[in-house]
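Some notes on the structure that comes next.
So you know, we letter chains A, B, ... as the sequences are listed, proteins then strands, and number each from 1.
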Amino acid sequence: MARYNPKETEPKWRNAWAEADVFRAEPPSSGRPKYYALEMFPYPSGRLHMGHVRNYALGDVKARYMKAKGFNVLHPMGWDAFGLPAENAAMERGVDPRAWTYDNIAKMRTELKQLGLSIDWSREFATCDEAYYGQQQAWFLDLWKRGLVYRREGVVNWDPVDQTVLANEQVVDGRGWRSGAVVEKRKLNQWFLRITDYADDLLEGLKTLDRWPDKVRTMQENWIGRSKGLRFSFPFSDPAPAGFEGGLEVYTTRPDTLFGASFAGIAPDHPLAEQIAAADPKAAAFIAECRRGGASEAEIETAEKIGYDTGLTVAHPFDPDWKLPVWIANFILMDYGTGAIFACPAHDQRDLDFARKYGLPVTPVVLPPGEDASSFQVGAEAYVGPGRIFNSRFLDGLDIEAAKAEAISRIEAQGAGKGATVFRLRDWGVARQRGWGCPIPVVHCETCGVVAVPKDQLPVALPLDLDFSKPGNALDRHPTWKTTTCPTCAGPARRETDTLDTFVDSSWYFARFTDPTSPEPINREAADYWMPVDQYVGGVEHAVLHLLYSRFITRALSDAGMLSAKEPFIGLFTQGMVTHETYRRQSGEWLEPGEVEITAEGNSRRAVIVETGEPVMIGDVEKMSKSKKNTVAPEEIFDVYGVDAARLFVLSDSPPERDTQWTTGGVAGAWRFVNRVWDEFDSQPATVAAADIAGDEAAKAVQRAVHRLIKAMTEAIETFRFNSGIARLYEFLNTLKEHKAEGASPALLAARAEALSAFARLISPFTPHLAEECWARVGGSGMVVHAPWPDFDVALTEDAVRILPVQVNGKRRGEISAPAGAEPADVEKLVLDDPEITRRLEGLTIRKVIVVKDRIVNIVAA
RNA sequence: GCCGCCGUAGCUCAGUGGUAGAGCGCAUCCUUGGUAAGGCUGAGGUCGGCAGUUCAAUCCUGCCCGGCGGCACCA
């Protein structure tokens, strides 16, 4: 018996696929239904990690399956190649970022190809290719013309370590998402994309994405954060401060509680606050105090509410004689709503905390059900539940929703304000002060202002001789690059030296894949055939970054006429991480898995350092990371066990959406499976004569098992439950082993031949190389990649005779066999005739007999 | 605090309103010309807890406990 040798087999089949060019997507004219499978493209770090293996293996299962189902599959690959790691490498090691990046791409391409993915490599590109980012510049200018790009001075998030601006989405708990540094606020001239124009549409669109995880939809919903309310102005009671003659504009979602108003509040960086501070040193000191507070989550959480009474008062909108004091308060955010609020302490916890601290009035205006108006009081907790309005003049007696509507219409009738919808989502700041990115294609002219570079002068290419030896923007300090002439007046001009956020690069690459050499950014015909992506696979960490930006850009480009699709990804799957146990010395230093030897002692385990025998602490199971040294290099696994075993294990051990734990035992198990599968094919005669299997129980059992397997595998792949599918493959292999080829009857051999033919096709999405070898071994025609997915016969998935357990009062007391589909009445008769059962019923009176067809019988007796 | 996911064998996980499963690990034995290997057999589970619905609950419902994730001074 020849042992399976992946080192020879796997490269052999990869070459065969490449030579036959089997994964090239056919043109739209092929007439076959399309299927666009895509995994989030990698950053070319230069090294493949297990997370990549899992991500691309998952996508590959679906792509190969759909190909077998007869679809015209597009499954491309590219590189998200701009960004900071290249600049850091340049700074640390003096290499050229371009050379470093393309070098890494070459290395990673080799490793990815080794995975045996069904990729159409003819479409490959990198976002740092001039041909790509030049097209990006072209559509950027189109969006500018359409008013979706604007430039303004604004307070931005500044990452002091990476020395660049960050988008709101890239600030996590007050820290830069990449550097982890505490983010500072700076005023800068910034480029923005008007994503807020699409806030409503992006929110509504989520409802149509029924093949997205609920979790991701919820996260986007929260992020967009739509709230409906009222925007209105408080008139100042005394002469209004300069510039506020129109009053103090506030936003509220609770206009129903207007009669519970206690004070008006403004953010410390509200223009009015700044104006007051200019004349009032105490106010200025207070504002400075507010700014000192950090932005980290812990600090926000514990920050006490503090306020400063400005001495100004405003009039209640429904009662000119009712004066409300104006406070500056640290809990009010300038960049939400209008940066000013009206406070109703009885029904808002923040307002209540504040009012209690500063002795401001607390008037309840919503009466909870069952409470009495004369006795209801608010203590330390604001009441935010449902109820009837009281203490509120013309709103009295209304429920909350009716009162909101009434208050809004009164305010609108007075001309004091308007119902308004407010979003948490802010416009997307896209400019980055970096040299290794897509240049923003504009020039600054002294006479003409900011001017777009004409399309025939695109791409605005990065110079080849950027100096990355110092931190900061290499493009800005280049000696000559930014000096140019104005395209409009031919006068002296300066190029924009900001580049685009790399999330811009990744928010349209999927559309470019449909025709990566198009002279336009997007070939509309190709995009309209292929888009949207049918199945997108990637990490959940992009739930609100990449996935939201891509949805926005797709809409914007669609509205600009470049493609029809509004949603980029109609199906989304977010896979879990690959984790591994961690190991440390007693002294606390992390150890690599390879340095540690683990021995089992009964059900517990003991770990020591291989070389010294020094005891090792086995730590938590955590995401593979270099810092904790709990990584396993894919290429080492490929070397020992082969690519198929690695793919199989990484797909088999957990549901794809959950984290999976890498273990050497697990991959060894997958490797044994590969070998046992090969044994079954290798022990089968290459050619088998047809035989009637009707009278052969073993043959029939194999036949039923394989039909059940086809059904289960089809469902498992359709529903992304690959691990369950693989569990079924293991079970089926046990069935095959029970009905060996050695000494088999002609009927069993024939049944095995048919089963093996199907089996080779069923394993092909998971272990494609092994599948080819097996397919060839049993004389399959052509390659298994070209073979259609096997069909199953429902009748053959069921047994002709069923063993029905028989319960008495819910406890199992025996079993009987009955023909499949036997009627309850007949089964009941069989049961009551059964001596074993009747013996169990002696002395009991049968009350009821429940027969569930083909499942079970329960006798209720007393 | 709000929302979501998870809890089944020692470990990682399938599964179903009706007989509790796989891989790994563990134990016994066989093989020692598949050998830094292969095979047979086996032990091991109050299906997180309590209650309800049902003839029947690991599965449905409610409450509770434990773990993980997301959001959170957004008016």
Side-chain angles (χ1 to χ4, degrees), chain A residues 1-4 213-219 221-223 225-227 229-230 250-254 257 265 267 297 300-301 303-305 329-333 335-344 347-351 353-354 422-425 540-541 543-544 576 579 581 598 600-605 621 640 648-649 652-655 657-670 672-673 675-676 679 712 716 721 723-731 733-734 737 803-812 814-815 847-852 855-861:
Chain A
M1 209 181 272
R3 219 164 158 199
Y4 184 67
D214 289 342
K215 183 179 164 177
V216 175
R217 288 197 288 178
T218 309
M219 284 167 75
E221 233 173 84
N222 290 341
W223 192 265
R226 177 166 65 187
S227 74
L230 168 70
V250 303
Y251 172 75
T252 180
T253 56
R254 294 298 300 271
T257 63
E297 188 179 14
I300 289 168
E301 190 82 8
E304 193 171 347
K305 292 185 176 42
N330 66 335
F331 68 91
I332 301 167
L333 307 175
D335 55 359
Y336 184 77
T338 63
I341 62 163
F342 100 85
C344 175
H347 305 292
D348 182 287
Q349 192 60 45
R350 296 155 302 175
D351 297 351
D353 294 345
F354 193 84
V422 166
F423 294 92
R424 185 184 174 279
L425 185 69
V540 73
E541 65 273 19
V544 285
T579 64
E581 258 178 356
I598 294 169
E601 291 177 355
N603 278 329
S604 74
R605 297 182 313 144
V621 174
V640 178
L648 185 70
F649 173 58
S652 68
D653 210 40
S654 295
E657 68 275 15
R658 273 204 251 161
D659 290 353
T660 193
Q661 187 184 343
W662 182 276
T663 60
T664 33
V667 73
R672 278 196 285 274
F673 175 81
N675 280 286
R676 286 195 295 243
D679 281 353
R721 294 198 326 249
N723 59 321
S724 309
I726 293 169
R728 303 300 296 268
L729 292 175
Y730 275 86
E731 285 177 33
L733 188 66
N734 287 340
K737 284 161 70 82
I803 307 297
L804 306 184
V806 179
Q807 296 179 329
V808 177
N809 293 332
K811 292 196 176 131
R812 186 162 188 270
E815 58 183 38
R847 292 272 161 80
K848 198 172 174 187
V849 178
I850 298 133
V851 179
V852 182
R855 300 301 287 269
I856 200 165
V857 182
N858 190 16
I859 300 165
V860 185

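Under the 3.5 Å distance criterion, with hydrogens and angles disregarded, a donor-acceptor pair is assigned to the side chains of S227(A) and Y251(A).
Look at the P atom in both C65(B) and G23(B): the space between them is 38 Å, to the nearest Å. Atom P of C60(B) sits at a distance of 15 Å from the matching atom of C47(B), rounded to the whole Å. Rounded to whole Å, the P atom of U46(B) lies 27 Å from the corresponding atom of C5(B).
Taking only distance into account, the side chain of K305(A) meets the base of C73(B) through a donor-acceptor pair shorter than 3.5 Å. On a pure distance criterion of 3.5 Å, no polar donor-acceptor pair joins the side chain of N675(A) and the base of G38(B).
For G23(B), the OP1/OP2 oxygens have no side-chain nitrogen or oxygen of Y730(A) closer than 4.0 Å. Between R672(A) and A37(B) there is no side-chain polar atom (N or O) within less than 4.0 angstrom of OP1 or OP2. Contact check, N222(A) against G4(B): no side-chain N or O comes under 4.0 Å of OP1 or OP2.
At the heavy-atom level, N734(A) lies under 4.0 Å from the strands shown only through sugar-phosphate atoms. Residue I726(A) is classed as having no contact, given no heavy-atom separation below 4.0 Å to the nucleic acid. Residue contacts for R676(A): at a heavy-atom cut-off of 4.0 Å it reaches the sugar-phosphate backbone alone, with no base atom in range.
Closest heavy-atom contact between A267(A) and L333(A): CB-C, 4.0 Å.
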Note, RNA chain B 5' to 3' with Watson-Crick or G-U pairs under 3.5 Å encoded as ( ), [ ], | and . gives (((((((..((((....[..)))).((.((.......)).)).....(((((..]....))))))))))))....
